[in-house]
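Values in this document were obtained by computation on a predicted structure and should not be read as measured data. Count residues from 1 along the sequence.
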Amino acid sequence: MSKFTAVVTEDVAANRLLSKTVGAEGITLAATTAGGTPDFRSTGTLKKDDVITVIINNSPAWLVEAGEDIAAGATVAAGAGGVVVASETGFGYVAKEVKAGELASVIRSTTGGGAGQPGPKGDKGATGPTGPAGPKGDKGDTGATGAAGAKGDKGDKGDPGEVTKAQYDALAARVTALEGAG
């Protein structure tokens, strides 16, 4: 639901069609002129120069005073003073037969001037800043072990290196021990 304030420019009876004008003085409302396209309807009596709050509730049906007898299903348009009258073209239709002076249940089939042609697509806007990095995710499952690779070539024979005195003494002690056991 949306709402805004507006100034009423003339006395308007309850259940009449209203049209909005936007100008240097702000938003104003008056009874819809005969043949005009209504923007709203009055739910109560409005006095000239009243500042009112307009509440938009997107109701598809309005209760509006009939300016003449109207048959059920007839198309209606704005008549003098913001009443509804039967018309070949209009902004809606009445749900059931109504006599002049009664409240007509008007089903709106257009709003404003109706739907216009879509405008051209606008340019792509600038890319916004990059946000902070998100948290690190959980570690994934370890995959299956792959097949063993081919056996590599035999390497070169390494340098035998030098035997230390400690290694020689340890080897000599083992040989002596083995000969004594034998």
Is it the case that the side chain of [X] and the backbone of [Y] share a donor-acceptor pair, with hydrogens and angles ignored and the cut-off at 3.5 Å?
X	Y	value
R108	S59	yes
D69	A100	yes
T53	T5	no
S105	L63	no
R16	G81	yes
S109	F91	yes

[X] side chain near [Y] side chain, heavy-atom distance below 4.5 Å:
X	Y	value
L18	K20	no
V7	V51	yes
T75	E88	no
V98	V84	no

Going hydrophobic residue to hydrophobic residue with side-chain gaps under 4.5 angstrom, can you get from V64 over to I107? no
Are I55 and V8 connected in a single hydrophobic cluster, I mean Ile/Leu/Val/Met/Phe/Trp/Tyr linked by side-chain heavy atoms less than 4.5 Å apart? no
For T164 and Q167 the tightest heavy-atom approach is N-OE1, 3.0 Å
K99 and A66: which non-hydrogen atoms are nearest, and at how many Å? O-CB, 3.7 Å
When rounded to the nearest 0.5 Å, the distance separating CG of D39 from CG of L17 is 10.0 Å
